[in-house]
Protein chains: 2
Amino acid sequence: MERTIRYSKKREAILEAICSTDIHPSADWIYQRLKPAHPDLSLGTVYRNLNFFREQGTVQCVAVVNGQERFDANVRPHNHFICDCCGAVIDLHQIPVDAGLDRQVSETYGLQVHHHDLVFHGTCAECREKSQIS
Amino acid sequence: MERTIRYSKKREAILEAICSTDIHPSADWIYQRLKPAHPDLSLGTVYRNLNFFREQGTVQCVAVVNGQERFDANVRPHNHFICDCCGAVIDLHQIPVDAGLDRQVSETYGLQVHHHDLVFHGTCAECREKSQIS
DNA sequence: GTAGTTGCAAAGTCTTTGCACGACA
DNA sequence: TGTCGTGCAAAGACTTTGCAACTAC
């Protein structure tokens, strides 16, 4: 029994908000961003739609930073960098994704591997400058 | 002004609990585990000591699974597998860690890279069996 | 009209924190 | 004896959910 999916202006706006940026926003960022144009938007709706998009495979959660989930509308494999200072999440499109790793893990351990995440941690350029000034 | 660190039975027990297992426990797991032998243990103490060990570099948080932080007393670089079905966190000691990646990201993007995490997602053997039975 | 979607607020979960008391050095 | 560590409970932060009202089809 399939569920029929209906159009909703809020849903469209939420997806548009995620797609419009590369900062890998949190639920609250999306909410704050849309609130001016959609004064009656509720944070619960943002969460519900994020989970909807996640189930659909439209967006994915790429990290949890300071207790907040961070979302990405680019669901193709790519790596990320997280600044441990300011919490920025940055795409690393130039770093190749090793697609053979999943198979390697699968064969070595007998695990059913779906995908992998490669996340680098460190300090971003902006935070580095700030810390050098002080 | 250095802070003097004192001995505490609870702290020792908490670290021992983390070291005694390879399941990468959560704070609550440690609490439940120690409660019988330490009936007056408080969950707040577990959290405080986990953060203490993290600052000392004795343990590290290797993942957030279902909203819970998972800890590891093995702080040397190694990769992990997370079962998206049951939430198990498994060490992958046989999968080599590419130490050169950090430098590569650093040079390509001008970022200060401290370390990276490679996490595989999928279904563990146990969950796979269960799903095949039903 | 039926069923999906939302606002609102309450509840749920995990983690942190203030304060008084207890314990190590 | 001066801090450090802890229990307890309250508070904080993020996310989920129940319900009535609204809306797409």
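In what follows, chains are A, B, ... by sequence order, proteins preceding strands, each numbered from 1.
- Minimum atom distance to the side chain of A:Thr4 is reached by C:dA3, of the listed C:dA3, D:dT15, D:dG7.
- The base of D:dG7 lies close enough to the side chain of B:Arg48 for a donor and an acceptor atom to sit less than 3.5 Å apart.
- Put simply, OH on A:Tyr31 is 13 Å from C1' on C:dT6, counting in whole angstrom units.
- Residue B:Gln68 has its side chain nearest to C:dC14 when only D:dG7, C:dC14, D:dG5 are considered.
- To the nearest angstrom, P of C:dT16 lies 9 Å from CG of B:Leu50.
- A:Arg70 places its CZ atom 16 Å from the C1' atom of D:dT15, with the value rounded to the nearest Å.
- Summarising the geometry, the separation between CD on B:Glu12 and P on D:dC4 is reported as 20 Å, rounded to the nearest angstrom.
- Between the CD atom of B:Gln32 and the P atom of C:dC14 there is a distance of 11 Å, given to the nearest Å.
- Residues B:His93 and B:His78 place their aromatic rings such that the two centres sit under 6.0 Å apart.
- Comparing B:Phe52 and A:Tyr7 by the nucleotide of DNA chain D whose heavy atom lies nearest to each, the residue mapping closer to the 5' end is B:Phe52.
- One finds no side-chain N or O of B:Asn66 lying less than 4.0 angstrom from the OP1 or OP2 phosphate oxygen of D:dT15.
- No contact: A:Asp28 has no heavy atom under 4.0 Å from any strand.
- Across every non-hydrogen atom of B:Ile14 and B:Thr45, the tightest pair is CD1-O, 4.0 Å.
- For the pair A:Ser26 and D:dC14, the criterion of a side-chain N or O lying under 4.0 Å from OP1 or OP2 is not met.
- You'll find that the side chain of A:Lys10 is closest to C:dG7, out of C:dT5, C:dG7, D:dG7.
- Donor-acceptor pairing under 3.5 Å, judged by distance alone, is absent between the side chain of B:Arg3 and the base of D:dG5.
- B:Ile82 contributes atom CD1, which lies 9.5 Å from atom CG of B:Asn66 (distance to the nearest 0.5 angstrom).
- A pairwise comparison of heavy atoms in A:Thr123 and A:Cys85 identifies CG2-CB, 4.5 Å as the closest pair.
- Looking at heavy-atom distances under 4.0 Å, A:Asn51 makes contact with sugar-phosphate atoms alone, never a base.
- Distance CG (A:Asn49) to P (C:dG4): 15 Å, rounded to an integer number of Å.
- At whole-Å resolution of the value, CG in B:Asp40 and C1' in C:dA20 are 16 Å apart.
- Summary of the strand contacts: B:Val46 and A:Thr45 both lie near DNA chain D, and taking for each the nucleotide with the nearest heavy atom, the more 5' one is attributed to B:Val46.
- Residue B:Arg6 has its side chain nearest to D:dG5 when only C:dT6, C:dT5, D:dG5 are considered.
- One finds the CG atom of B:Leu118 at 8.5 Å from the CD1 atom of B:Ile95 (value rounded to the nearest 0.5 Å).
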Checking salt bridge (charged side-chain N to carboxylate O under 4.0 Å, His left out) for the pair B:Glu69/B:Arg54: CA distance, chi angles, key distance, verdict? CA-CA 12 Å; B:Glu69 290 196 307; B:Arg54 177 154 39 186; 3.2 Å; yes
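- The interatomic distance linking A:Leu43 (CG) with D:dT17 (P) rounds to 14 Å, in whole Å.
- Across C:dT6, D:dG7, D:dG5, the shortest atom-to-atom separation from the side chain of B:Arg11 is found for D:dG5.
- Of the candidate nucleotides D:dG7, D:dT16, C:dG7, D:dT16 has the atom nearest to the side chain of A:Tyr47.
- Side-chain atoms of A:Ile5 lie closest to C:dT5 of the nucleotides C:dC14, C:dT5, C:dT15.
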